[in-house]
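Everything numeric in this text was worked out from a predicted model, so none of it was measured.
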There are 2 protein chains.
Amino acid sequence: MNPNKATPITKEKIVSASWDLLRSDGIENFTMRKLAKQLDIKAASLYWHFPSKQNIFQYLANEIAKKVLLSVRNEEDWKAALYQFGMHFREQLEKYPCSAQLMMQTLPSEPEYLALINAMLIIVDPLPLSDRDKFSAIACMLNYVLSFELDRHQQKKVNLAMQQDGMEHVQKQSANAMDHLPDHVADPLRRMHRNQIFSELGSISMFQTGLTILISGIEQLSLARREDDVGHMA
Amino acid sequence: MNPNKATPITKEKIVSASWDLLRSDGIENFTMRKLAKQLDIKAASLYWHFPSKQNIFQYLANEIAKKVLLSVRNEEDWKAALYQFGMHFREQLEKYPCSAQLMMQTLPSEPEYLALINAMLIIVDPLPLSDRDKFSAIACMLNYVLSFELDRHQQKKVNLAMQQDGMEHVQKQSANAMDHLPDHVADPLRRMHRNQIFSELGSISMFQTGLTILISGIEQLSLARREDDVGHMA
DNA sequence: ACCTGAACACCGTTCAAGT
DNA sequence: ACCTGAACACCGTTCAAGT
């Protein structure tokens, strides 16, 4: 029907269609056949441009990493730098559909992803910490940012389902489960549910709180390790 | 062939076979047909006991949560309590195959999962923090523990692949990517790679470092918020 | 109550064959 | 160089029919 001779499919076109498909159908419903249909080609043709579906996902994850790296700015002290990095990172993740899933199911073997980790390590490199501690610290950060976006994404889906159903079963399910918690025990969770804390779940201010916890935790760790050193010298 | 009349399949048997299948094949290769074969029944029969594959996963995730709750002990101060909680949580996650994947792709709607979150909230409830801050803090913790186990799991797979291949392409892939990092910039990542930091990736001591960061970060946050209060009063 | 055969509507991937 | 038809070897799930 459409031999596409005039305008052959390119890697870029496939990538762009992939973003569209992720946005409309989610990563769990992303199929090669749907992707091909969107491009007016057959699924088999995709394999001339990419070796596998997994490889497309890796490419997309790497594109996100590349974008995050662009927005990295130099900062005076490491705390501000780490904070800005986290904020920019989250901002970029929010722009791309299924960004957190893409980066989590891709191990960091792509160059830009590694460069991203390297950029974070550079920030904490001047701290009086062992390499193992530095690595632990930035792994914490990375996982935090990704998990946060993942949770936000899931929360959005739950909210959507609640709207569509007139919050029939989704809301009820968690509300019921909440009611069946033991009564004889303090239950901050139920209190928070009453106070609608859950609706704020993916908010920026919550993100900032976690970021603050991590950064001042890292600061405390380097203070503690420094004391260890002093102890050793004495 | 085997009508199983003497010993009908029970929910427990399906669950037990599911753990076996997860351990041997991983969550990505877990199929209803394989699960049925292991129980000497047909895939369709599983749907009399469980409404869906997803529901089996939810059940398994809930089983993990139940087990973690059992190992929660009372502690004098909140820092020790949170630390012990994290350590026990990670310990249980290590025992079950694909535990982190199961808990991450299940939103916390099951009763035991909610009880788990509640148990964590109880620990931080006495702190001088807003409910929003408390929730942020334990979301941090939860995500940290799950992400850590997830990373450990992936790292184990990478190591296995390296052994089987005689580290042909996996090692090379990341080593090459490492070599192509820009040279004109500080590269702590390459230094750490040389110093074999990566092989320690899922170790308990690394886990403890992250846990320490989080807990002292939460402590600092409550100190800061307390100062805010004092400021308001003045 | 519990299980199966057979089907439905899909998957990712391969590959000889086309242009 | 780029694409397709047709197939392979699978999926999760349903449901009438069996015992």
Side-chain angles (χ1 to χ4, degrees), chain A residues 1-61 98 101-102 105-107 157 161 169, chain B residues 1-61 98 101-102 105-107 157 161 169:
Chain A
M1 303 252 185
N2 190 347
N4 292 108
K5 270 194 182 164
T7 53
I9 262 64
T10 61
K11 220 159 168 159
E12 287 76 43
K13 277 188 193 166
I14 295 177
V15 167
S16 160
S18 295
W19 288 125
D20 291 345
L21 188 54
L22 282 173
R23 202 178 303 276
S24 60
D25 291 36
I27 199 167
E28 57 278 340
N29 299 310
F30 183 105
T31 72
M32 296 300 265
R33 287 172 220 262
K34 280 193 206 168
L35 179 58
K37 188 161 259 175
Q38 205 145 341
L39 292 158
D40 262 317
I41 56 173
K42 301 297 161 190
S45 313
L46 291 168
Y47 289 84
W48 196 88
H49 301 275
F50 284 97
S52 68
K53 176 176 164 176
Q54 179 57 30
N55 188 271
I56 296 181
F57 284 167
Q58 279 184 28
Y59 189 96
L60 297 177
C98 309
Q101 283 112 312
L102 286 171
Q105 72 183 146
T106 305
L107 16 168
K157 279 205 311 195
H169 72 271
Chain B
M1 303 254 185
N2 190 348
N4 292 107
K5 271 192 179 164
T7 53
I9 262 64
T10 61
K11 218 158 170 160
E12 287 76 42
K13 277 188 195 168
I14 295 177
V15 167
S16 159
S18 295
W19 289 126
D20 291 345
L21 188 55
L22 282 174
R23 202 176 303 275
S24 60
D25 290 36
I27 199 167
E28 57 279 340
N29 300 310
F30 183 105
T31 72
M32 297 299 266
R33 287 171 221 262
K34 281 193 205 168
L35 179 57
K37 188 161 256 174
Q38 203 146 341
L39 292 159
D40 261 318
I41 56 175
K42 300 296 162 189
S45 313
L46 291 167
Y47 289 84
W48 196 88
H49 302 275
F50 285 96
S52 67
K53 177 176 163 175
Q54 178 58 30
N55 188 271
I56 296 180
F57 284 167
Q58 278 184 28
Y59 190 96
L60 297 177
C98 308
Q101 283 112 314
L102 286 170
Q105 73 184 141
T106 305
L107 18 168
K157 279 205 309 193
H169 73 271

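Taking atom CG of B:Leu21 as the reference point, atom P of D:dC11 lies 10 Å away to the nearest angstrom. Atom CZ in B:Phe30 sits about 18 Å away from atom C1' in C:dC11, given to the nearest Å. Rounded to an integer number of Å, the gap from CE of B:Met32 to C1' of C:dG5 is 17 Å. A straight line from CZ of B:Phe50 to P of C:dC3 spans 13 Å, rounded to a whole angstrom. Atoms CG (A:Asp25) and P (C:dC10) sit 13 Å apart, rounded to a whole Å. Rounded to whole Å, atom P of C:dC11 lies 15 Å from atom NZ of B:Lys53. Following rounding to the nearest Å, A:Lys42 (NZ) and D:dA6 (C1') show an atom-to-atom distance of 12 Å. Atom OH in B:Tyr47 sits about 11 Å away from atom P in D:dC11, given to the nearest Å.
Close to D:dC2, at under 4.0 Å from its OP1 or OP2, lies no side-chain N or O of A:Ser45. A:His49 has a side-chain polar atom (N or O) that falls below the 4.0 Å cut-off from OP1 or OP2 of D:dC3.
Heavy-atom distances to DNA chain C give each of A:Gln54 and B:Ala43 a nearest nucleotide, and the one nearer the 5′ end belongs to B:Ala43.
A:Lys53 places a side-chain N or O within 3.5 Å of a backbone atom of A:Phe30 that can act as its donor or acceptor partner. Of the possible donor and acceptor atoms, none in the side chain of A:Ser16 sits under 3.5 Å from a partner among the backbone N and O of A:Glu12. A distance-only check finds no donor-acceptor pair linking the side chain of A:Ser45 to the backbone of A:Ile41 [under 3.5 Å]. Put simply, the side chain of A:Lys34 gets close to the backbone of A:Asn29: a donor and an acceptor are under 3.5 Å apart. Remark: the backbone N or O of B:Pro51 is not paired with any side-chain donor or acceptor of B:Asn55 at under 3.5 angstrom. Side-chain atoms of B:Lys11 never come within 3.5 Å of backbone atoms of B:Phe50 as a donor-acceptor pair (strictly under, hydrogens ignored).
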Applying the Watson-Crick and G-U criteria (both distances under 3.5 angstrom) with [ ] for crossing and | for other-strand pairs, one obtains for DNA chain D ||.|||||...|||||.||
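For the P atoms, the distance linking C:dA9 with D:dA9 amounts to 23 Å, nearest Å.
Here the nucleotide nearest the side chain of A:Ala44, chosen from C:dC2, D:dC11, D:dA6, is D:dA6. Minimum atom distance to the side chain of A:Pro8 is reached by D:dC3, of the listed D:dC3, D:dT13, D:dG5.
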Begin from the C-alpha positions of B:Ile9 and B:Leu46 and carry the test side chain to side chain contact (heavy atoms under 4.5 Å, CB included) through to its verdict.
CA-CA 9 Å; B:Ile9 262 64; B:Leu46 291 167; 5.9 Å; no
